[in-house]
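Chain letters run A, B, ... following the sequence lines, proteins first and then strands; every chain starts at 1. Given the structure is predicted, the values throughout are model-derived calculations rather than measurements.
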Amino acid sequence: MDYNFREIEQKWQARWAERQTFKTREDASKPKFYVLDMFPYPSGAGLHVGHPLGYIASDIFSRYKRLKGFNVLHPMGYDAFGLPAEQYAIQTGQHPEVTTHRNVARYREQLDRIGFSYDWDREFRTCDPEYYKWTQWAFLQMFGCYYDNAKGKACPIEDLTAAFEAHGTEGIDAACSEPLTFTADQWKAFSEAEKSKVLMNYRIAYQGESSVNWCPALGTVLANDEVKDGLSVRGGHPVEQKKMTQWQLRVSAYAGRLLESLETLDWTDSLKEMQRNWIGRSAGCEVVFPVETEGKRTDVTIFTTRVDTIFGVTFMVLAPESDLTPLLTTPAQKAAVEEYLAYVKKKTERERIAETKTVTGVFSGSYGINPLTGEKVPVWISEYVLAGYGTGAIMAVPAHDSRDYVFAKKFGLEIRPIIEGCDVSESSFDAKEGKMCNSGFLNGMDVKEAIEAAKDYVEEKGLGHRKVNYRLRDAIFSRQRYWGEPFPIYYKNGIPTPLPLDKLPLTLPEVDEFKPTEDGQPPLARAKDWTYEGWPLETSTMPGFAGSSAYYLRYMDPHNDNALVSREADGYWRNVDLYIGGTEHATGHLIYSRFWNKFLFDLGYVCEDEPFRKLINQGMIQGRSNFVYRVVGTNRFVSLGLKDQYETQEIHVDINIVRNDKLDLEAFRAWRPEFKDAEFILENGEYICGWAVEKMSKSMFNVVNPDDICNNYGADTLRLYEMFLGPLEQSKPWDTKGIDGVNRFLKKVWRLFWDHDKFIVSDEAPTPAELKALHKLIAKEQEDIEHFSYNTTVSAFMIALNELQGCSKRAILEPFLILLSPFAPHIAEELWEQLGHSESIAYAAFPEYVAAYTAEDNATYPVAFNGKTRFTVDLPKTLSPAEVEAHVRGLEQTARYQGGMTIAKVIVVPGRMINIVLKK
RNA sequence: GCCCGAGUGGCGGAAUGGUAGACGCGCUGGACUCAAAAUCCUGUGUCCUUUAAAGACGUGUGGGUUCGAUUCCCACCUCGGGCACCA
């Protein structure tokens with residue numbers, strides 16, 4: 001019998017489904033292990049060979065953990081709301097649900113061929129109303145909560161209103177959009193609308209004004225990645241910055257906790273670093289500078305991390321968008337300032353970022369007073385100060401801040417060094433080192449010392465206070481689009497009011513078109529009767545990350561209609577033990593999920609503070625493109641080795657008509673009409689193509705479809721080969737050339753059991769050498785899988801097979817199949833069954849490793865003289881280093897290699913190496 | 001500009017202080033075959049040498065630590081990734 005992978009793979013995929021081999025239940029008798037892939041967005045293009053890389057790795061780990069006796073949760077589903085389906089709908093008029101359904105079916109078909117051990121009973125899509133009910137539910141929870149800084153957690157908004165009733169804002173320490181102050185009496189006197197507005201300032205899900213990319217032509221807000229060079233990516237329409245009221249999530253309230261608990265996670269350092277940068281903690285000081293405008297005094301609070309340099313302040317700068325800008329502009333400067341503001345407003349976010357080299361600004365006419373020195377300094381307005389960070393105002397110290405320096409040079413402002421011996425003639429001195437000078441009481445101190453001393457001083461004198469700022473912004477949560485979760489909010493007398501929980505899910509309404517309305521309303525405004533009890537419902541929808549923020553919780557209990565996840569299921573599965581996915585989600589999904597989870601944790605709905613304990617980022621699989629070289633102006637194509645003799649043009653050629661870089665000439669002529677009469681300049685009778693590693697994409701003709709690999713080599717070969725390609729976390733090119741190696745390996749495995757039509761497995765006792773090969777493999781596989789070094793595990797299989805050549809003994813082959821089964825489950829199941837087992841190999845016991853079989857009695861020591869190996873010697877492993885040394889010193893060869901020198905010392909590395917150090 | 005990560009045969013890669021190049025691809029020669037495919041066996045870092053033995057060189061470059069460095073330290077070069085007026 002031959003290794004008929006097609007038959008075997010079909011048979012076992014059907015059988016796993018039929019027998020529900022991978023159905024998972026809570027089982028208190030077993031330790032749990034939750035393995036999760038970042039679920040895919042089902043695009044119209046289907047999967048290419050790069051997509052399943054992470055899925056294969058997680059599947060191997062899942063199967064391995066099952067063999068180790070764990071109860072493994074390994075689910076899959078789809079992130080199905082999103083822009084591409086909607087855009088396609090706008091163009092074709094097809095309902096996004098239809099295209100999404102079609103794409104999901106195609107993905108499922110492709111995934112099924114690879115033989116994953118998912119529990120498909122737990123599958124759901126983020127666009128299923130039964131699921132997005134819980135996305136809406138979570139939103140309402142956030143709407144109903146505020147963040148109490150003193151308690152360090154989210155609390156019901158009722159606690160806050162009770163406090164307002166009792167004593168107004170006195171003693172409240174809550175995360176808010178802007179600080180408010182009122183008394184209990186004032187609160188009681190507020191109208192319903194005013195109260196609602198005040199509470200919005202505190203809610204975790206709130207409506208607030210923020211600056212967004214607005215595209216008038218498309219009538220929608222666009223995300224930053226949908227805008228390029230000030231134009232919309234789709235359509236090329238101009239995009240402007242506009243202040244709009246949007247739903248937002250108060251992620252910033254969690255900045256400190258998101259940063260701190262990074263320490264507890266088993267993620268790569270680079271990923272944690274990316275999140276740290278994104279959260280951007282900076283500890284500094286807020287200081288009040290009184291500013292005089294035409295005799296009027298305004299207190300301006302600035303934020304700085306370098307209070308120590310306050311004696312070097314020679315001017316101040318306001319952000320153009322700051323509320324203070326109009327207040328501090330003198331009549332004399334009014335025209336100039338307004339002109340500048342108009343100029344700034346015209347620029348898009350992109351242009352502002354792109355033109356960081358050009359320095360712009362205008363003088364306000366006002367002067368601030370340095371609270372430490374009493375000195376008067378001019379107040380400028382410049383776009384290099386951001387309204388959204390700190391207080392939107394800074395003190396400028398050009399001698400010790402490079403941005404202030406450039407600004408001072410451009411506008412001829414004073415640069416005053418306050419660190420001894422630094423040279424500021426060419427650039428500022430930003431380093432936090434040196435001794436202070438020209439700085440009053442700070443003189444003579446080291447910079448680090450001075451920072452603390454200055455902070456203490458400012459606080460003592462009541463001039464300011466210590467302050468920690470974060471760069472992390474609140475997440476804008478509404479989109480003017482159709483294909484997303486509707487907000488469970490209606491407007492009663494214009495006041496945003498939550499829908500009652502028993503009205504969830506609020507399902508997406510039908511609309512005649514998926515575009516915004518003519519007057520710029522979101523698509524949901526087209527729906528008939530989009531109201532609740534006669535009041536209008538919110539017409540924007542939630543963004544893509546809403547549905548993916550808590551999906552890992554839903555897999556624990558996917559059919560529960562009473563809760564996102566039951567207490568029991570959550571208590572059993574807790575959180576994800578291993579999460580595999582790409583780095584591109586480092587500052588999106590992986591921040592939002594952590595925030596979402598922490599919020600639910602605060603409310604007691606989940607038992608773990610962090611969602612993903614260990615995270616592995618699989619690398620990208622790039623494409624390997626092939627080229628042909630056309631002699632310029634002709635239809636002649638020259639082979640790679642001869643192309644330098646001609647003037648040529650490089651042309652991408654479909655990799656499906658190239659094998660081992662050799663072009664199939666007939667297929668090439670048939671590929672495109674213009675190549676029908678192509679002529680070739682061959683070398684050694686063949687046309688050799690050039691190649692390059694590029695992104696896998698249709699336009700490069702280098703897309704490899706996993707279905708083709710499954711047809712030609714089988715899913716087991718695909719799985720092994722994807723792992724064999726290189727380290728999981730590294731980006732690497734796909735090259736189908738090498739796949740024959742692993743395919744050959746599987747054929748050889750088959751032949752251990754079958755000699756043509758004869759099943760040849762015997763019950764003979766294995767030899768010590770065979771046992772040793774097996775146990776070496778057991779040890780290696782365990783070590784490598786735990787470290788996600790799958791490529792070396794595949795190598796270890798190949799080495800073991802070479803050592804076990806011709807061994808058809810049951811006592812060896814049974815454990816060998818178990819070891820192989822996570823990697824190549826179909827062939828392992830088939831042969832396992834042929835050995836007489838009726839139960840699936842998936843739940844066999846991982847073979848135990850017997851140390852005795854891997855330990856050699858003798859070690860072969862290389863003997864080196866001054867580091868150069870001269871000969872080897874076989875010695876029992878049991879010898880102590882001293883005994884080995886004595887033996888080696890006594891050898892005849894040792895004397896021969898000494899060459900008149902004397903032995904200074906002998907270094908023995910037990911079991912590895914002997915080095916004899918010689919001296920004259 | 002700042003912060004990470006990586007540089008090893010023709011190619012993917014292995015070795016984390018102890019015989020560099022495991023394993024696989026490709027290539028060489030051979031067996032089987034009328035022939036091809038498939039399969040099996042052999043060799044395969046570079047240089048010197050007719051060949052072999054033996055030797056020298058060899059992990060981006062230059063230094064250092066060490067009996068011994070791909071591995072640790074310093075500087076530089078190249079590539080990849082992330083952040084970027086965040087006061």
Could you tell me whether the side chains of [X] and [Y] share a donor-acceptor contact shorter than 3.5 Å?
X	Y	answer
A:Asn702	A:Ser625	yes
A:Ser731	A:Gln622	no
A:Tyr340	A:Thr360	yes
A:Asp474	A:Ser252	yes

Rounding to a whole Å, what distance do you find between [X]:[atom1] and [N]:[atom2]?
X	N	atom1	atom2	result
A:His787	B:A14	NE2	C1'	16 Å
A:Glu722	B:G12	CD	C1'	14 Å
A:Gln622	B:G13	CD	C1'	15 Å
A:Glu803	B:C23	CD	P	10 Å
A:Met913	B:A15	CE	C1'	15 Å
A:Asp755	B:C40	CG	P	13 Å
A:Arg744	B:G24	CZ	P	10 Å
A:Leu271	B:C4	CG	P	16 Å

Among [options], find the nucleotide with the atom closest to the side chain of [X].
X	options	value
A:Pro727	B:A87, B:A14, B:G18	B:A14
A:Ile799	B:C83, B:C40, B:C23	B:C23
A:Leu386	B:A87, B:C40, B:G26	B:A87
A:Ile394	B:C4, B:C83, B:A87	B:A87
A:Phe724	B:U39, B:G12, B:U19	B:G12
A:Arg471	B:G24, B:G26, B:C83	B:C83
A:Thr792	B:C85, B:A15, B:G24	B:A15
A:Val385	B:G55, B:A87, B:G13	B:A87
A:Tyr384	B:G82, B:U19, B:C85	B:C85
A:Asn791	B:G18, B:G13, B:G24	B:G13

Taking only N and O in the side chain of [X], is any of them less than 4.0 Å away from OP1 or OP2 of [N]?
X	N	value
A:Gln805	B:C41	yes
A:Ser282	B:A87	yes
A:Gln730	B:G12	no
A:Arg624	B:C11	no
A:Lys747	B:U39	yes

Pick the closest RNA chain B nucleotide for A:Thr583 and for A:Lys737 by heavy atoms, then say which residue is nearer the 5' end. A:Lys737

Would you kindly compare A:Tyr721 and A:Arg751 by the position of their nearest RNA chain B nucleotide and give the one closer to the 5′ end? A:Tyr721

If you measure from the [atom1] atom in [N] to the same atom in [M], how many Å do you get, rounded?
N	M	atom1	value
B:G43	B:A37	P	22 Å
B:C11	B:U59	P	16 Å
B:U66	B:C79	P	35 Å
B:A69	B:A15	C1'	13 Å
B:C85	B:U16	P	42 Å
B:A14	B:C23	C1'	8 Å
B:C4	B:G17	C1'	25 Å
B:U42	B:A22	P	15 Å

Under 3.5 Å on both distances, the Watson-Crick or G-U partner of [N]:
N	result
B:A38	none
B:A84	none
B:A20	none
B:C76	B:G60

Apply the ring-ring contact (aromatic ring centres under 6.0 Å, His included) test between A:Tyr721 and each candidate in A:Phe823, A:Phe745, A:Trp734, A:Tyr713; give the one that qualifies. A:Trp734

Quick one: classify the glycosidic conformation of B:G24 as syn or anti, with syn meaning within 90° of 0. anti

Identify whether any heavy atom of A:Lys748 sits under 4.0 Å from a base atom; if not, whether one sits that close to sugar-phosphate; answer base, sugar-phosphate or nothing. sugar-phosphate

Classify the angle between the aromatic ring planes of A:Phe797 and A:Phe816 as parallel (below 30°), tilted (30 to 60°) or perpendicular (above 60°). perpendicular

Report the relative orientation of the aromatic rings in A:Trp754 and A:Trp750; use parallel for angles under 30°, tilted for 30 to 60°, perpendicular for over 60°. parallel

Applying side chain to side chain donor-acceptor pair (under 3.5 Å) to A:Thr717 and A:Asn743, what does each step give before you reach the verdict? CA-CA 5 Å; A:Thr717 298; A:Asn743 189 238; 3.0 Å; yes

